[in-house]
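Read the structure below first, then the notes.
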Amino acid sequence: MFKTLIFQKDKNNSSVNSVKSMDGLCDLTSIDSSCGFAFVDPIGKILSANPTFLKLLNSPLESNEQSLSDFAYQINPLTVSNLQKILAAPQAGAVELVSEDKKIFYLHLTKLNQAYRLVIVENLPSSKLLACEQNNSIKNHSTILQLKDRSMLDEILAKWKPEDPRTSSLAMLMIGLDRFKPINETLGHDAGDQLLQFVAQRILRVSRLNDIVAHFEGDKFIVLQINQDQPVSITTMAERLMELLKRPFLINGQQANIGASIGLAVLHHGTQSVGDLIKHAELALYEAKNNARGNYRFFEQSFEKKALEQHELEVNLRRALLLQELKLFYQPQINMLDRRIVGFEALIRWERPGKGLISPQSFIPLAENIGEIHEIGKWVLQTACREAMAWPEHIKVAVNVSPIQFESKHLVQSVKMALLSSGLKSERLELEITEGLLIKNIETTLQQLWDLQAMGVSIAMDDFGTGFSSLNYLNSFPFSKIKIDQSFVRSMQTDKSRALIKAIISLGAALEMKILAEGVETEEQFTYLAQNGCMEAQGYMISKPVPVEEIQKLIL
Ligand code: C2E
Ligand code: MG
Ligand code: MG
């Protein structure tokens, strides 16, 4: 009647993490494990169970005389309806039961076929539970997750005096999920909450009885280790967590891969006071995220200086517009046949007092992160349109637009305003976007691109060949120009780059799009591109980007 099940144990702990079914019969009563196992039918009637299952759930009866709902009812009547929902759901699910004496049971349900479900029950140490959950009123994420929250953690840490023996080997892990935001945005907030619960379960699985596990904020969690051999213990835990959180999660039948980065701070190893643990673990987490996500970093003193500099940069960038420290430089784009200028690309610079000209690569990502890009982007559009009015009618101006600007949904309006206030004809404005833009919110982005095109503004795809699914995007939107990324031009001596350049040029011709080569530095590159049908070029060979005052010299 039953199928044989193979339980694969996680090599690091005793919980079951994957189940395969095969033909044959399985007698669960002989399975000796710290986890409880049971087969149930679709309404939850227990068909077979191992001794741990009956012991954990304190069953005085033969297993086949009870249903899962009866167990749940005995433990906590409020959870029965939740359990029934999961039984009826088409995919795997989990429910947590908290008994009056504060024992926690995790029930994982896996659907084997139409007739049978496998239930795995794990018992968690109650020391990890919050006192405030007793009233069952869900107040915030931390209560949903059944973890301590930030203020409780602060309270615990504040109580410990330096002479408290427990502080002698304190260590903290701050875990930040790498790709939580896109999942939350695409699958919805309920799915996001469920994902956080699953993450909390995995963290609890690797934590020890004495560890304090807390939900810090958003997609960040904290584990505080007490009285363990440091930094060995915290390193081991970081490695296990990285591995565990890299594995996919199943949310509403969909697979979610998030991964995590971890910041580590250990008392007496660079962190001198208990009060600094959270701050240092957070700085280490930022560092881990900034380098290569999916990694862990120990706190280092230099992180504090870096964070201060970053903060200072942020404050100064926020007032750079007001202080008129931003400038546009312009780089000519020429027709390769007659070498005449057909347009200029506007490239932003930040003139920081005492620090010289700062390149956009050093501050545009920051402006995007702190939301300042919207104001800066608006200013670039207005300034470029106004300054282009002084040039001959046949010369266009190209403006770079950040993907973040499309998120605000005011971009079309900003372009309209820039054209109106300057008097520039829309046909003289070109917007440059990168392939990455089209990955997120493809529908709303495309709508904005169509609206811009309807106004007469042309759209160029910048840095072509460096992103993903390029061909797909070319198909979804009629770009008027493709800009071959300068990396291909730079490595033109290789056969591969030459082949790619030729392919891009013929693709552009077939799709009736102009092709411009970026980063042209030598006559040799220019000649090869021209001979192979490239129409326009931009690069140091023609001119470096120049301040607006020098444009007249170039167009004369
Ligand atoms: P991009 O749009 O691909 O601009 C071309 C970059 O290549 C410019 O760097 C330009 O100075 C540089 N370049 C041009 N010709 C050559 C060459 O022959 N050799 C070499 N090695 N480099 C060359 P820049 O000005 O530092 O800008 C970097 C990036 O910053 C731009 O790449 C663009 O993505 C972004 N950016 C610039 N201005 C703005 C802006 O106003 N808004 C936004 N959102 N991004 C901007
Ligand atoms: Mg560009
Ligand atoms: Mg480019």
Side-chain angles (χ1 to χ4, degrees), residues 317 320-321 325-334 336 341 343-351 356-388 396-408 411 414-415 418 429-437 458-467 470 479-492 501 504 514-526 529 534 536-548 550 554:
L317 183 57
L321 255 183
E325 291 172 1
L326 299 181
K327 301 255 164 331
L328 289 186
F329 273 46
Y330 293 92
Q331 189 177 33
Q333 303 176 326
I334 62 165
M336 294 189 92
I341 293 175
F344 283 97
E345 176 175 5
L347 294 158
I348 197 167
R349 303 285 180 263
W350 180 10
E351 218 164 22
L357 276 187
I358 316 278
S359 106
Q361 268 142 344
S362 315
F363 68 88
I364 289 289
L366 175 64
E368 290 175 338
N369 267 341
I370 63 176
E372 206 54 27
I373 193 69
H374 299 289
E375 281 309 305
I376 293 180
K378 226 191 271 176
W379 175 86
V380 173
L381 275 165
Q382 281 176 356
T383 311
C385 290
R386 192 184 63 245
E387 293 183 336
K396 291 178 84 158
V397 63
V399 172
N400 291 284
V401 182
S402 152
I404 311 283
Q405 287 174 263
F406 281 83
E407 284 173 18
S408 83
L411 179 65
S414 302
V415 172
L429 177 64
E430 183 161 80
L431 301 183
E432 293 193 6
I433 62 167
T434 54
E435 290 169 83
L437 165 73
S458 52
I459 315 286
M461 186 175 267
D462 204 355
D463 307 333
F464 185 77
T466 55
S470 322
F479 294 94
S480 56
K481 188 185 278 183
I482 293 175
K483 297 186 77 179
I484 304 177
D485 188 64
Q486 47 184 280
S487 57
F488 298 111
V489 178
R490 204 174 304 133
S491 57
M492 207 190 258
I501 286 172
I504 299 175
K514 278 192 197 141
I515 302 287
L516 179 145
E518 291 189 274
V520 180
E521 293 186 354
T522 64
E523 273 295 339
E524 192 195 343
Q525 292 167 342
F526 189 95
L529 287 158
C534 185
E536 293 180 1
Q538 178 181 348
Y540 292 172
M541 188 204 103
I542 300 137
S543 165
K544 286 200 166 184
V546 296
V548 67
E550 290 179 31
L554 291 173

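Read the numbers this way: they start at 1 and go in the same order the structure lists the ligands and their atoms.
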Please list every donor-acceptor pair under 3.5 Å in which a side-chain atom of residues 377-385 meets a protein atom from a residue at least two apart or in another chain.
{"from": "W379", "atom 1": "NE1", "to": "T383", "atom 2": "OG1", "distance (Å)": "3.4"}
{"from": "T383", "atom 1": "OG1", "to": "W379", "atom 2": "O", "distance (Å)": "2.7"}

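- Residue contact check for ligand 1: R349 places a non-hydrogen atom closer than 4.0 Å to it.
- Heavy atoms of D462 found under 4.0 angstrom from ligand 1 belong exclusively to the side chain.
- Checked against salt bridge (charged side-chain N to carboxylate O under 4.0 Å, His left out), E521 has no partners two or more places apart in sequence or in another chain.
- Qualifying salt bridge (charged side-chain N to carboxylate O under 4.0 Å, His left out) partners for K327, counting only residues two or more places apart in sequence or in other chains: E351.
- Nearest protein heavy-atom contact of atom 16 (C) of ligand 1 is Y540 CE2, 3.2 Å.
- By the 3.5 Å distance cut-off applied to N or O atoms, S359 is not counted among the residues near ligand 1.
- Counting just the N/O/S atoms of E345, the one with the shortest distance to the Mg ion (ligand 2) is named OE2.
- At least one N or O atom of Q331, backbone or side chain, sits closer than 3.5 Å to an N or O atom of ligand 1.
- The closest approach between a heavy atom of E345 and any atom of ligand 1 is below 4.0 Å.
- Among protein atoms, those of element N, O or S found less than 2.8 Å away from the Mg ion (ligand 3) are D462 OD1, D463 OD1, E518 OE1, E518 OE2.
- For ligand 1, the atoms closer than 4.0 angstrom to any heavy atom of V380 are 41 (O).
- Shown here, atom 2 (O) of ligand 1 is in close reach of the protein: a heavy atom of it lies under 4.0 Å off.
- Considering backbone and side-chain N/O of I348, one or more are found under 3.5 Å from N/O of ligand 1.
- Scanning the protein for heavy atoms near atom 36 (N) of ligand 1, the closest one is P360 CB, 3.9 Å.
- Of the options I373, D462, L431, a side-chain contact (heavy atoms from CB on, under 4.5 Å) to V401 is made by L431 and by none of the others.
- Considering backbone and side-chain atoms together, Q538 places no N or O closer than 3.5 Å to any N or O of ligand 1.
- Heavy atoms of P545 found under 4.0 angstrom from ligand 1 belong exclusively to the side chain.
- L554 has its side chain within reach of F344: a pair of non-hydrogen atoms, C-beta onward, lies under 4.5 Å apart.
- The option with the heavy atom closest to atom 22 (N) of ligand 1, from among K483, E521, Q486, is Q486.
- Remark: atom 13 (N) of ligand 1 lies closer than 4.0 Å to at least one protein heavy atom.
- Contacts with ligand 1 closer than 4.0 Å are made by side-chain heavy atoms of E518 only, the backbone lying farther away.
- Within a 6.0 Å radius of CD in E524, no more than 12 heavy atoms belonging to other residues, nucleotides or ligands are found.
- Scanning the protein for heavy atoms near atom 31 (C) of ligand 1, the closest one is L347 CD2, 4.2 Å.
- Residues S408 and H374 share a closest heavy-atom pair of CB-CE1, 3.5 Å.
- In summary, the side chains of Q331 and E345 do not present any donor paired with an acceptor at a separation below 3.5 Å, with no hydrogens or angles considered.
- The closest non-hydrogen atom to atom 42 (N) of ligand 1, taken over N400, L328, T383, comes from N400.
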